[in-house]
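Down below is the structure, laid out as structure tokens.
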Amino acid sequence: MTHILGISCYFHDAAAALLRDGQLIAAVEEERFTRKKHDYEFPQHAIDFCLRLGGIRAADLDYVAFFEKPLLKFERLLLSSMQTFPKSHAVFREAMISWLGDKLWIKHLIEKRLGVPPAKILFSEHHLSHAASAFFCSPFKEAAILTVDGVGEWTTASLGMAQDTDIKLLKEIRFPHSVGLLYSAFTAFLGFEVNEGEYKVMGMAPFGTPRYVDKVHKLIRLGSDGSFELDMDYFSFHYSPDQTFNSRFEQLFGPPRDPKALFFTPASGYPSYFGEKPGNVAELGKENQHYADIAASIQAVTEEIMLKIAQQAYKETGQKRLCMAGGVALNSVANGKILKQTPFEELYIQPAAGDGGGAIGAALYAYHTILGKPRGFVMEHAYWGEEHGADEIEAFLKENGIHYERLENEDKLIERVVDRLQEGKVIGWSQGRFEWGPRALGHRSILADPRRAEMKDLVNVKIKFREPFRPFAPSVLAERVEDYFALPDAQKHFPARFMLYVVDVKEDKRDILPAITHVDGTGRLQTVRREQSPKYYRLIESFGEATGVPVVLNTSFNLKGEPIVNTPKEAFHTFAESGMDVLVLGNYVIEKPLESN
Ligand SMILES: [Fe+2]
């Protein structure tokens, strides 16, 4: 048996993954254990979990694969700060302190932490890890490849071709020219946290009109072959540790948005839960409209770039299938357009498309490409995390004197949840192994009735405490997708299983599904299949039988700013501290008002 542990860390989203003879045993992000969102430190907890689940010790590992080459990355930091010195002195100093610590000596660190000898430690390159994380998890024998992110060692985007166990990256774009960093600059400008708020920009975009596309084009020169170059006069990420855009950028787009300002537009109206209407509501609405227009413009240009690169990938490889990874591949609106507007017939996108996914990519790259072992694994689902059994759940509930019901009969359990959903209740739903990647896919989810328009506000205000402009996602039975969404042959599309496509909600169904239909008539759907998530499937199926609509509203089981829950304890606390009505942990049901035993 060959055991390979993949690791990614020290940038964002540290993660570990364990392969046994090329089959994935476990894959988890460190944040789920440390409860530190986007934790990037050495993923000791994630590694310990993988080894525990695999029933092995670190000494049993045949190889440890790291997702990038630290020396190359250090070289990039060093060279780019030298080119921009003295402006870069702060970034230079920070890089020196942190890189001359652990980051540069990963091999030594892995040796020290895991007791694995240096000969067993392998390194992949950042974008090769992204590429491998998509292609080697896909069912495709051959495919074109696109990886697009902020930056790896030097590469920020690559175009390649893969066949069987071989991946070749044919073209690349290098730092500082980066779609990911361009998008992040707007994320910061619009008042959101970089590497976290990109989803918010995407959610805000449909409230605006892309009237600043010409201005965005001033920042980036885009070739017809999808190549691009940023005009670095507008940016500061190449010399500053905390600023991504500079004063010239502000001259072009005006002052940045106040992160604390409430977002609403004349079209969205002023939501009641913002409290009393301020006197200058019209003026504030206009101000917000300006920012929504900027969000719409950067989203439009990003889609244009992604479409051009994808078209080029098709031209160069002639493949009908495309594999994607890298943080920008989480832009589900752009993904939906690639499927619709390029000749590619099928896409596979790694669900952990960000840097966490590099852990799986590095391990698979080592197994197939370095060791030359044949393929035999397809990532059919994203349930690779920790599971908490009935004993553990019951022990927690008893220890804490929490009143519960145990519904062993699954029909009864499902019936109860369907009843509560129909009554307009909001359900915390924790089942089986938690998800790999940033999306909750029915194992650590908050569920509600998508037919009720008020659910959008209710879940935002009472439970998620998050921005009102962000849409909620629908989970829908795979066989019934085409009744509600414009996604032909929905069953064959892997990215839809991972909530990575935004598509149109059919026009005559938008009124039926108001809580999951975004302001532009789209939805970020998740297709649910019986084989991969039988219990969640049955729940949606039963909800469909009761209401005629086999769709539920699904949002991640966490409070704003916190990682998605893992354990029964975390699920219970999130439930208790929020306005959720019912908590389902495995077959245990807890309802509010809470009573003690
Ligand atoms: Fe990356």
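Keep in mind it's a predicted model, so treat the numbers as computed, not measured. Throughout, residue positions are numbered sequentially from 1 according to the sequence presented. Indexing begins at 1, ligand by ligand and atom by atom, following the structure's order.
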Closest N/O/S atom of D355 to the Fe ion (ligand 1), by atom name?
-> OD1

Check D149 and report its N/O/S atom nearest to the Fe ion (ligand 1), by atom name.
->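 Nearest to the Fe ion (ligand 1) within D149's N, O and S set: OD2.
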
Looking only at heavy atoms, which two atoms of T2 and D62 are closest? And how far apart?
-> CA-OD2, 3.3 Å

Evaluate the ring planes of F494 and Y348, with Trp represented by its six-membered ring, and classify them as parallel (under 30°), tilted (30 to 60°) or perpendicular (over 60°).
->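 The arrangement is tilted - the two ring planes meet at 30° to 60°.
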
Axial cation check for F135 ring with R375, 6.0 Å and 45° limits =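 R375 over F135 ring: yes.
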
Counting backbone and side-chain atoms alike, does H127 have an N/O/S atom under 2.8 Å from the Fe ion (ligand 1)?
->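 Given the 2.8 Å cut-off, H127 does not count as a ligand of the Fe ion (ligand 1).
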
Any donor-acceptor N or O pair under 3.5 Å, side chains H38, E193 | no

